[in-house]
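Remember, it's 1-based here, ligands and their atoms both numbered in the order they're listed.
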Amino acid sequence: MRLSFHGADRGVTGSCHLVEAAGKRLLIDCGLFQGSHELEEDNAGAFGFDAASIDYVLQTHAHLDHCGRLPLLVKRGFRGEIISTPPTQALVRLVLRDAAAIAEEEALRRQRRRARRDGEGAGHDGNGPLYTRDDAERALARFGRTLHYRQALQLAPGLQVSFHDAGHILGSASVLLEIGEGGRERRVLYSGDIGNRGRPILRDPAPPPADIVVMESTYGDRNHRSVADSVTEFNAAIDATLRRGGNVVIPSFALERTQEILFFLREATTSGRLPRDLPVFLDSPMAISTVQIYRQFPQYFDAAAQSLMANHSDPFDIPGLRLSRETGDSIAINRIEGGAVIIAGSGMCTGGRVRHHLRYNLARANASVIFVGFAAQGTPARRIIDGAPSITLFGEEVPVRAHIHTINGFSAHADQRELLHWHGLAGGRERTILVHGELKAMTALAGLLQPAPVSMPAPGEVMEL
Ligand code: ZN
């Protein structure tokens, strides 16, 4: 068999791995490079393989850095089948449609800006979107069979695939390939993104044993604060803001993090740690749609969330929850001067409705902003966290007087301890291949996994095994 690496190699975004075995060519994920403008070129660049030659894509989960180049793959000739778990298929639908709409809007803005600068008639410059909504629909049409966890599917003689719970987001999976070639049977496990044990809503990662393990290593060099401590810190920040009479703004990622935040707020408001009737505004159409998809798949929840559902008690239902889908509902929130929790995207404040809420609340000394996820360098979220005295929003300089909190323990990625535990279950006796991590994090993890053979492939590297 031959494994090659076409994204998230010595880096964390753009996951894309190719397996050639038993006469088939399989891709594990086809994700977008994310983070800075330079990466736009990486996204538009060559895959490093012929898209038309791929028979199957095995999709680990619905995050954009794992599915965001599927429309390009189809645009460049892929006509095979995309296989995933049922929740992943539903969530990818939402994520790709949203990404394509944003890409089209951004391309239009770029064109208008250029037309203004260069005068009339300079509108078309070939700097179009990476892909359009139509491209996204064509990619979604390639989704075929779905597999529940541990359900095996034979793709060819000597090639069987199954998905196993990765505990990262709803429906997330590690992919096991059972390959029989040249009288040899081997099990190859691609981890996908690995979650932490004991997360709310999701079940713990459950990797099967394998001979060759390809695993993520995002936090291979550090451990997170515990979820329990993080929840205490989160509730205390909200409580203190309410006592000051201010609003709480939570910039949040629509997929997974927002559902967790709702779950924690539900626990706090039903247990009396926070006021029972606390007004919570979920101001994100994408997050609202994600909650609806979650509710369609309660069989993918952990035991605690399943028993809530069985008692007709929804894990995301807070007594004071208000959903705002329409722009008008969102604008109405701006009139609230205190006492509300406002959850809106984007998580890094690079766009979306949260920017309006920051514009109204950042300058208020009684308000607070609680960051609950990763903030990349160069984003407004990162500048606020790093203590900028003011930030520019809608061309206006807004002073930062609100209390700023950063909760680090809500990560959806396994930390070093959890990665080692996961690897202990998966084995990887023949070889462990580290991907999806910066070199520093990978090297630290590799040191702990040795003396077993560990590789850290460079982008484009090919391994014959
Ligand atoms: Zn992910």
Side-chain angles (χ1 to χ4, degrees), residues 5-17 27-35 39 43 57-70 82 84-85 87-96 98-99 149 163-175 189-197 199-207 214-220 224 227 252-261 286-287 290 293-294 297 300 345-348 372-376 408-416 418-419 422 434-438 441-442 445:
F5 300 86
H6 304 278
D9 312 304
R10 303 183 186 178
V12 292
T13 65
S15 277
C16 187
H17 314 296
L27 272 193
I28 315 291
D29 292 342
C30 193
L32 200 68
F33 295 100
Q34 289 178 296
L39 295 176
N43 285 319
V57 177
L58 306 172
Q59 189 63 43
T60 64
H61 67 291
H63 274 148
L64 203 55
D65 63 319
H66 290 257
C67 71
R69 280 189 294 164
L70 286 174
I82 307 172
S84 72
T85 63
T88 295
Q89 186 177 102
L91 289 168
V92 167
R93 202 165 287 279
L94 188 66
V95 166
L96 282 187
D98 182 68
Y149 295 136
F163 291 106
H164 301 264
D165 208 323
H168 171 65
I169 67 170
L170 193 77
S172 67
S174 300
V175 178
L189 182 66
Y190 281 84
S191 70
D193 286 358
I194 304 168
N196 292 291
R197 284 173 293 164
R199 307 293 304 175
I201 309 159
L202 302 177
R203 291 200 289 250
D204 289 347
V214 183
M215 75 181 282
E216 73 125 314
S217 51
T218 317
Y219 291 116
H224 303 315
V227 175
S252 186
F253 301 94
L255 176 49
E256 189 63 26
R257 189 55 38 84
T258 293
Q259 290 71 42
E260 277 186 9
I261 295 299
M286 172 96 168
T290 305
I293 292 175
Y294 268 59
F297 297 100
Y300 281 79
S346 70
M348 299 194 208
V372 291
F374 177 72
N408 286 319
F410 290 156
S411 178
H413 280 276
D415 62 9
Q416 186 185 70
E418 291 293 318
L419 288 171
W422 187 94
L434 298 182
V435 296
H436 201 294
E438 302 294 347
M442 269 184 190
L445 185 64

Subject >> the Zn ion (ligand 1) to nearest N/O/S of H413 below 2.8 Å >> reply: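 Here the distance criterion (N, O or S atom, under 2.8 Å) is not met by H413, so no.
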
Original post:
Is there an N/O/S atom in D193 at a distance below 2.8 Å from the Zn ion (ligand 1)?
Top reply: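 A backbone or side-chain N, O or S atom of D193 is under 2.8 Å from the Zn ion (ligand 1).
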
Original post:
the Zn ion (ligand 1) is nearest to which N, O or S atom of H61?
Top reply: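 Per the distance ranking, H61 contributes NE2 as its closest N/O/S atom to the Zn ion (ligand 1).
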
Original post:
Nearest to the Zn ion (ligand 1), which N, O or S atom of H63 do we find?
Top reply: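 H63's closest N, O or S atom to the Zn ion (ligand 1) is named ND1.
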
Subject >> Interatomic distance, L434 atom CG to D9 atom CG [nearest 0.5 angstrom] >> reply: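 Reported value, rounded in 0.5 Å steps: 11.5 Å.
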
Subject >> Residues forming a salt bridge (Lys or Arg N to Asp or Glu O under 4.0 Å) with R10, sequence neighbours excluded >> reply: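 By the salt bridge (Lys or Arg N to Asp or Glu O under 4.0 Å) rule, R10 matches no residue at all.
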
**OP:** For T13 and Q34, work out which heavy atoms get closest and say how close.
**Re:**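 Heavy atoms only, the tightest pair is OG1-N, 3.0 Å.
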
Original post:
Would you say the side chains of H66 and D29 form a donor-acceptor pair under 3.5 Å?
Top reply: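 Indeed, the side chains of H66 and D29 share at least one donor-acceptor pair under 3.5 Å.
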
